[in-house]
Visitor: 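Take this structure first; my questions come after.
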Amino acid sequence: MPNLSIKDVPEDWAQALRLRAARHHRSLQGELMAMVEQAVTEDSAQQAEAPGERGRPRIVAYDQRGWPIVRQGWKTPEEVVASMREKFPEPVAGQLSSIDIIRQDRDSR
């Protein structure tokens, strides 16, 4: 995982960051990581809202190992429902419902 370093930080800024970390019950390193994470996720959210950027891959978060989670594209919930209704205009008939399948499984034990 890469390391970042900031040099020549004014002492009053460093003290303000230490106090902020203490208020949030974090180490200075933890507080700085939280601030960077917030900046990255806010930037990703703003990019997601930008018109014309929907199909462009972007980093939306980082997993526990620090690997980026990339979103290739997205749809609104309304768009997902519309596409599903387009694919499956009629409900499937003659099949067991999920409720029936769960009941059968439960009763078989």
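Keep in mind that what you see is a predicted model, and the values were worked out from it rather than measured.
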Visitor: Taking atom CD1 of Ile6 as the centre, does the number of heavy atoms from other residues, nucleotides or ligands within less than 6.0 Å exceed 12?
Guide: no
Visitor: Going from CG on Leu17 to CG on Asp12, what distance comes out if it is rounded to the nearest 0.5 angstrom?
Guide: 10.0 Å
Visitor: Got more than 12 heavy atoms from elsewhere within 6.0 Å of CD, Glu86?
Guide: no
Visitor: Check Tyr62 against Val40 and note the closest heavy-atom contact, atom names and distance.
Guide: CE1-CG1, 3.6 Å
Visitor: Please indicate whether Arg85 has more than 12 foreign heavy atoms, meaning atoms of other residues, nucleotides or ligands, lying under 6.0 Å from its CZ.
Guide: no
Visitor: Just list the side-chain donor-acceptor pairs under 3.5 Å for residues 21-32, sequence neighbours left out, or say none.
Guide:
residue: His24; atom: ND1; partner: Arg20; partner atom: O; Å: 3.2
residue: His24; atom: ND1; partner: Glu31; partner atom: OE1; Å: 3.2
residue: His24; atom: ND1; partner: Glu31; partner atom: OE2; Å: 3.1
residue: Arg26; atom: NH1; partner: Glu31; partner atom: OE1; Å: 2.8
residue: Ser27; atom: OG; partner: Gly30; partner atom: N; Å: 2.9
residue: Glu31; atom: OE2; partner: Arg20; partner atom: NE; Å: 2.6

Visitor: With Asp100, which residues qualify under side chain to side chain donor-acceptor pair (under 3.5 Å), at least two apart?
Guide: Ser97
Visitor: Hydrophobic clusters here meaning ILVMFWY residues chained together by side-chain heavy-atom distances under 4.5 Å, can you tell me if Val80 and Phe88 are in one?
Guide: yes
